[in-house]
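All remarks here apply to the structure that follows.
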Amino acid sequence: MALKASISKVRLSVSDLDRGVYADFSLSVAQHPSETEARMMLRVAAFALHADEQLAFGRGISTDDEPDLWLRDLTGDIDLWVDLGAPDPDRLRKACGRARQVVLYGYGDRALPVWWDKHGDALARFANLSVFAVSDEERQALAGLFGSNIELQATISEGELWLTDGEATVSVAPTSLKRAV
């Protein structure tokens, strides 16, 4: 019998000083059985960084043709494709062809630099691709905010995200490896 995803209810209040976005979101976040708490919370952090009423979670890490997060316009075209980790470069190439903007939040303090050294030059040609690195320390701190029923406040200023549950505060400052043109 296949294991089922567990669902976390997240109430997220976003104050994005960089983009002028101030909104509250009620999210149901499915955690795939193979997904760590740190990765799931990184998806929530990515949602906060790109917060929009139309932003939605993809079907999960076992789905090849959908991102972790995406923003579609009213015609169904993809405005924003957000992935996490160190995906196959072909996946990013296809995403860059399908979406107006593609953002990757890579992680793995030891694995990501090796992945970037190997694929960075090939990915440089995609003008609509941005790549950011999130440290293992930041991801583990995000895991500390995990729960089945979470209330979070997110503040974003100068590209840095502060997430708090009222007791603990986590800072995430993704390092830019490549910015879209």
Side-chain angles (χ1 to χ4, degrees), residues 1-14 25-51 55-71 80-92 95 102-120 123 129-156 159-178:
M1 184 167 91
L3 296 173
K4 293 184 179 180
S6 56
I7 305 295
S8 289
K9 299 290 184 181
V10 180
R11 285 179 300 287
L12 179 65
S13 179
V14 175
F25 301 90
S26 292
L27 309 172
S28 293
V29 186
Q31 181 185 10
H32 189 276
S34 67
E35 184 177 35
T36 66
E37 294 170 358
R39 188 180 190 286
M40 193 208 89
M41 291 305 296
L42 182 56
R43 285 194 295 134
V44 172
F47 186 99
L49 287 165
H50 300 278
L55 187 63
F57 291 99
R59 287 185 289 181
I61 60 177
S62 61
T63 307
D64 288 338
D65 61 340
E66 287 186 13
D68 288 295
L69 292 161
W70 56 0
L71 179 66
L80 175 65
W81 176 294
V82 178
D83 262 341
L84 306 179
D88 185 282
D90 282 343
R91 177 178 170 83
L92 292 174
V102 177
V103 179
L104 173 67
Y105 291 99
Y107 58 84
D109 287 352
R110 294 185 349 186
L112 186 62
V114 173
W115 179 88
W116 184 245
D117 285 346
K118 183 176 180 181
H119 303 295
L123 295 174
L129 173 66
S130 295
V131 179
F132 297 92
V134 176
S135 74
D136 287 345
E137 181 180 340
E138 291 170 326
R139 278 190 328 109
Q140 290 310 312
L142 285 170
L145 298 174
F146 176 81
S148 60
N149 205 357
I150 312 166
E151 282 193 45
L152 296 172
Q153 293 189 328
T155 304
I156 300 139
E160 187 170 358
L161 165 68
W162 289 275
L163 270 177
T164 184
D165 63 3
E167 294 177 18
T169 300
V170 174
S171 171
V172 178
T175 303
S176 176
L177 300 177
K178 179 193 178 312

Distance in Å, Ile156 CD1 paired with Trp162 CH2, rounded so as to fall on 0.5 Å steps: 10.0 Å

Closest heavy-atom pair and its distance - Leu177, Ala133: CD1-CB, 4.2 Å

Over all atoms of both residues, closest heavy-atom pair of Ala48 and Val14: O-CG1, 4.0 Å

Atom of Pro67, atom of Asp83 and distance for their closest heavy-atom approach: CA-OD1, 3.5 Å

Residue pair Val10 / Leu152, side-chain heavy-atom distance below 4.5 Å: yes

Atom pair CG (Leu55) and CZ (Phe47), whose distance is rounded to the nearest 0.5 Å: 4.5 Å

Full working for side chain to side chain contact (heavy atoms under 4.5 Å, CB included) between Leu71 and Val82: CA-CA 9 Å; Leu71 179 66; Val82 178; over 6 Å; no

Pro174 and Tyr107, any side-chain heavy atoms less than 4.5 Å apart: no

Rounded distance (nearest 0.5 Å) linking atom CG of Leu104 with atom CG of Leu112: 7.5 Å

Side-chain heavy atoms of Met41 within contact of Ile150, under 4.5 Å: yes

Stepwise side-chain hydrogen bond (donor to acceptor under 3.5 Å, both in side chains) test for Lys9 and Ser148: CA-CA 6 Å; Lys9 299 290 184 181; Ser148 60; over 6 Å; no

Closest heavy-atom pair and its distance - Gln140, Ala38: NE2-CB, 3.9 Å

Close side-chain approach of Arg11 and Asn149, heavy atoms under 4.5 Å: yes

CD-OG1 distance between Gln153 and Thr169, expressed to the nearest 0.5 angstrom: 9.5 Å

Rounded distance (nearest 0.5 Å) linking atom CG of Leu142 with atom CG of Leu42: 6.5 Å

Pair Ser130-Lys178, side-chain donor/acceptor within less than 3.5 Å: no

Side-chain heavy atoms of Trp81 within contact of Arg91, under 4.5 Å: yes

Inter-residue atom distance Leu161.CG - Leu49.CG, 0.5 Å rounding: 5.0 Å

Heavy-atom pair of closest approach, residues Glu167 and Asp165: N-OD1, 2.9 Å

Residue pair Ala46 / Leu84: nearest heavy atoms and the distance that separates them: CB-CD2, 4.5 Å

Glu160 side chain to Ser171 side chain, donor-acceptor N/O pair below 3.5 angstrom: yes

Ion pair Arg39/Asp68, N-O distance below 4.0 Å: yes

